Amino acid sequence: MFNAVTLSQIYVLDQAEAYDFYVGKLGLEVGSDQDLGFMRWLTVHAPGDPGRQILLERPGPPAMSEELAEQVRDLITKGVMGGWLGLTTDDCQQTYETLLAKGVEFTDEPTERPYGIDCGLRDPFGNRIRFTQPKQ
């Protein structure tokens, strides 16, 4: 049976903007950036962890009709189709300060939780991202 999760997907409206945000600001690495003709296959992953990739997918054909894709893009714009990602860090406060200096908008400041310290942000498309410094 299955033994790993290797690929997850979130919708983005603009893959160039998503590339700038996820690679340029968050510091993720590109796993794959291929023009497949019918779509751009753009994945990112945490540095040193290429076994778990995130597909930054623009809604559209062939997965859905252009009409449905337009409806999905409209819902993303309204903030009701956002996905969710969870990342880990060795130092939540330092990561928060580094990203804040890069202009990343946060929804939650670093907060002590039973499982560690975490905080939250949204990407430019409304996807929610949390990163956690797990308790030792």
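Note that these values count all heavy atoms, side chains included, but never hydrogens, waters or copies made by symmetry. In this text the structure is predicted, and so the values were computed from the model without any measurement.
Asp108 is listed as a side-chain neighbour of Arg130, based on a closest heavy-atom distance under 4.5 Å. Using a 4.5 Å cut-off on side-chain heavy atoms (C-beta onward), Cys92 and Phe131 make contact. At least one side-chain heavy atom of Leu26 sits under 4.5 Å from a side-chain heavy atom of Ile129. Taking 4.5 Å as the limit, some side-chain heavy atom of Ser65 sits within range of a side-chain heavy atom of Leu68. Between Val12 and Phe21, every side-chain heavy-atom pair lies at or beyond the 4.5 Å cut-off. Ile10 is listed as a side-chain neighbour of Leu85, based on a closest heavy-atom distance under 4.5 Å. Residues Tyr11 and Leu75 have side chains not in contact (no heavy-atom distance under 4.5 Å, counting atoms from C-beta outward). Annotation: side chain of Met81 is in contact with side chain of Val72 (closest heavy-atom distance under 4.5 Å).
Of all non-hydrogen atoms in His45 and Gly31, the two that sit nearest each other are CD2-CA, 3.7 Å. Residues Gln53 and Ser32 share a closest heavy-atom pair of OE1-N, 4.2 Å. When all heavy atoms are compared, the tightest approach of Thr89 to Pro134 is O-CD, 3.7 Å.
Side-chain atoms of Thr6 never come within 3.5 Å of backbone atoms of Arg52 as a donor-acceptor pair (strictly under, hydrogens ignored).
In this structure, Glu66 places its CD atom where more than 12 heavy-atom neighbours from other residues, nucleotides or ligands lie under 6.0 Å away. Counting non-hydrogen atoms of other residues, nucleotides and ligands closer than 6.0 Å to CD of Gln71 gives a total above 12.
Rounded to the nearest 0.5 Å, atoms CD (Glu57) and OG (Ser8) are 12.5 Å apart. Note that CG of Asp49 and OG1 of Thr88 are 8.5 Å apart. Values are rounded to the nearest 0.5 Å. Interatomic distance, Arg73 CZ to Lys78 NZ, rounded to the nearest 0.5 Å: 14.0 Å. Going from atom CG of Asp14 over to atom CG of Leu56 covers 11.0 Å, rounded to the nearest 0.5 Å. Rounded to the nearest 0.5 angstrom, Asp33 CG and Gln15 CD are separated by 8.0 Å. Between the CD atom in Gln9 and the OG1 atom in Thr43 there is a gap of 12.5 Å [rounded to 0.5 Å].
The hydrophobic cluster containing Val44 also contains Phe125, counting ILVMFWY residues as joined when their side-chain heavy atoms lie under 4.5 angstrom apart, directly or transitively. Transitive grouping of hydrophobic side chains (ILVMFWY, heavy atoms separated by less than 4.5 Å) keeps Leu42 and Leu36 in distinct clusters. Put simply, Leu7 and Val23 are part of two different groups of oily side chains (I, L, V, M, F, W, Y) that touch within less than 4.5 Å, one to the next. Linking Ile, Leu, Val, Met, Phe, Trp and Tyr whenever their side-chain heavy atoms come within less than 4.5 Å leaves Val104 and Ile117 in two separate clusters. Cluster annotation: Val30 and Trp41 are assigned to distinct hydrophobic clusters (Ile/Leu/Val/Met/Phe/Trp/Tyr, side-chain heavy-atom contacts under 4.5 Å, transitive).
In this structure Arg128 satisfies the side chain to side chain contact (heavy atoms under 4.5 Å, CB included) test together with Trp84, Arg122, sequence neighbours excluded.
Under the 4.0 Å criterion applied to side-chain N and carboxylate O atoms, Lys25 and Asp20 are not assigned as salt-bridge partners. Between Arg40 and Asp35, no side-chain nitrogen of the basic residue sits less than 4.0 Å from a carboxylate oxygen of the acidic one, so the salt-bridge criterion is not met.
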- request: Applying side-chain contact (heavy atoms from CB on, under 4.5 Å), run through Glu112 and Lys135 and close with a yes or a no.
  value: CA-CA 10 Å; Glu112 186 87 31; Lys135 278 195 169 180; 3.8 Å; yes
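Residues Phe106 and Tyr96 place their aromatic rings such that the two centres sit under 6.0 Å apart.
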